[in-house]
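Step one of this worksheet: look at the structure below.
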Amino acid sequence: MYITDDEGLHELIAEIRSAKTVGIDTEFMREKTYFAKLCLIQLATEEITAIVDPLTVTDISPLCGLLADPDVTKVVHAGGQDLEIFFRMCDGRSAAPVFDTQVAATLAGFPQQVGYGALVYDLLGIKLDKGDSYTDWSKRPLSDAQVAYALNDVRYLPAMYERLKSQLEKEGRTEWLSADFQRMEDPATYEIVPHEQWRRVKRISSLNRRQLAVAREVAAWRENEAIRRDIPKRWVIGDGSIVEVARRMPADVEELAAIRGVPDKVGKQASKGLLSAVAAGVDVPEEDLPVLSKRKRLNGDVEGAVDLMVALVRLRARQHGVAMPLLASRDDLERLAGGDRDSSPLLSGWRATMVGNELVELLDGSVTLSLAEGHLQVVKIMRDSC
């Protein structure tokens, strides 16, 4: 089914609303724009598989109603960008409830970030053709092969949802996914905060606090400028140039032009806004200067503790059939070993039950690791009561 007009979309959504689950996928282009250019929307239930052409459909509100319907579970695979597109398309309304098969698969024993095609094959025994994965979805008309590819990208989501949901329910792991899916359903996840973008600038940690204030203002200016012009933000000014501008704090066009790489991207018109951002950073009061939290350098003992923790996490991940990076990253382990027990994700929810509490016991000396006939074992340490 290929929907190209408003009437067709209204009829399709009316039929789909009776289903309990609907698979959703998109095809989009983003190479030359800030916001993704939506080219196709694919929908699937157990009985219906359809493509909606957003280049010809003018009233998308029925789809927005479906996405917000609390009685219909929206099934995606690695759906973060798809959900972000829908969030903007539907004027800040997020899709809910959501079930991401890639996230769920990691708790069902599959590798972290398992691909859609691999998961379809492992769960359903169907091998997909990925021949049109690099097509230009904005061109019309679409070929029969492109339509078939796009439909296959959503066709098997409802069946995979049932398989994964059943397996996770048997293992008592359904609730483990709630925090991840709540984050995907939260509108705040997709909101852009320009004055927080400085934290993502590469090499930002090399700056002092005054320079960080300048970098914060310049990064916010870049974000707003990229949004206004709908171009990739790297086309406005690169991360390296932001860091250099923050170091030098240029006060006029001549000083700005002397910074390598800046004149090539920032024209005369934009230079005024960039210099205003620099001036705003220079004028930030001392008490309001930003602080970038830096990782404490780990000493040799902590590094050794992390190595032991990795061995324990690997053991529990294998026993429970969970991808090790999902259970605990090395970054999580280093922070816990360094004393961060208040905000560690390892000490809340299912991670705490599976390994986090045991890691604390290992750090506190209540348990130790040993080898018995070539197998790693966790041994409780019995302490004298006196």
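We're numbering straight along the sequence, starting at 1.
Legend: residues meeting salt bridge (Lys or Arg N to Asp or Glu O under 4.0 Å) with R229, ordered by chain and number and at least two apart, are E225. Among residues two or more places apart in sequence or in another chain, the salt bridge (Lys or Arg N to Asp or Glu O under 4.0 Å) test is passed with E361 by K380. Taking the disulfide bond (SG atoms under 2.5 Å apart) definition, one finds that C64 meets it with C90, sequence neighbours left out. Evaluation of the salt bridge (Lys or Arg N to Asp or Glu O under 4.0 Å) rule for R88 yields E84 as partners, not counting sequence neighbours.
Ring pair F181/W176: centre-to-centre distance not below 6.0 Å.
Residue Y34 is found in a hydrophobic cluster whose other members, listed by chain and number, are F35, I192, I227; membership requires side-chain heavy atoms under 4.5 Å apart, directly or through intermediates. The hydrophobic cluster containing V284 also includes L289, under a criterion of side-chain heavy atoms closer than 4.5 Å among ILVMFWY residues, counted directly or through chains of members.
Under the 3.5 Å distance criterion, the side-chain polar atoms of H195 are left unmatched by any main-chain donor or acceptor of A220. Proximity of a side-chain donor or acceptor of Q42 to a complementary backbone N or O of L151 within less than 3.5 Å is not detected.
For the atom pair OG of S343 and CZ of R335, the computed distance is 7.5 Å after rounding to the nearest 0.5 Å.
Nearest approach of E255 to M249, heavy atoms of both residues: OE1-O, 4.2 Å. Taking every heavy atom of both residues into account, L66 and K74 meet most closely at O-NZ, 3.3 Å. Nearest heavy atoms, C39 versus W137: CB-O, 3.4 Å. The two residues I51 and A150 make their nearest non-hydrogen contact at CD1-CB, 3.8 Å.
Counting heavy-atom neighbours within 6.0 Å of K37 NZ, excluding the residue itself, gives a total of 12 or less. Within a 6.0 Å sphere centred on CD of E287, other residues, nucleotides and ligands contribute more than 12 heavy atoms. Other residues, nucleotides and ligands contribute at most 12 non-hydrogen atoms within 6.0 Å of the OH atom of Y121.
Within the structure, no pair that satisfies the disulfide bond (SG atoms under 2.5 Å apart) test touches residues 179-268, not counting sequence neighbours. Counting only residues at least two apart or on different chains, no side-chain hydrogen bond (donor to acceptor under 3.5 Å, both in side chains) pair has a member in residues 181-193. Applying the salt bridge (Lys or Arg N to Asp or Glu O under 4.0 Å) test to residues at least two apart or on different chains, the pairs with a partner in residues 136-159 are D53-R140, K130-D153. The salt bridge (Lys or Arg N to Asp or Glu O under 4.0 Å) contacts involving residues 159-175 comprise K165-E169, E171-R173, where partners must be two or more places apart or lie in separate chains. Screening residues 236-280 for disulfide bond (SG atoms under 2.5 Å apart) gives no qualifying pairs among residues at least two apart or on separate chains.
A donor atom on one side chain and an acceptor atom on the other are not found under 3.5 Å apart for Q197 and R216. If you check the side chains of S241 and R260, you find no donor sitting under 3.5 Å from an acceptor. Residues D59 and S61 have side chains that bring a donor and an acceptor to within less than 3.5 angstrom of each other. Side chains of T33 and D230: a donor-acceptor N/O pair is absent below 3.5 angstrom, by distance only.
Electrostatic pairing of K233 and E223 counts as a salt bridge here, judged by a charged N lying under 4.0 Å from a carboxylate O. Under a 4.0 Å N-O distance rule, the pair E286/R210 qualifies as a salt bridge.
Following chains of ILVMFWY side-chain contacts shorter than 4.5 Å, one cannot reach M29 starting from V147, and the two form parts of different hydrophobic clusters. Connection of L369 to L363 is established within a shared hydrophobic cluster, with ILVMFWY side chains joined at heavy-atom distances below 4.5 Å, either directly or through further cluster members.
Looking at heavy atoms from C-beta onward, L40 lies out of side-chain contact with V52 at the 4.5 angstrom threshold. Between F86 and I24 the shortest side-chain heavy-atom distance falls below 4.5 Å.
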List the atom pairs, donor and acceptor, that lie under 3.5 Å between side-chain atoms in residues 12-20 and the rest of the protein, sequence neighbours left out.
unit_1	atom_1	unit_2	atom_2	d
R17	NE	D69	OD2	2.8
R17	NH2	D69	OD2	3.4
S18	OG	E15	O	2.9

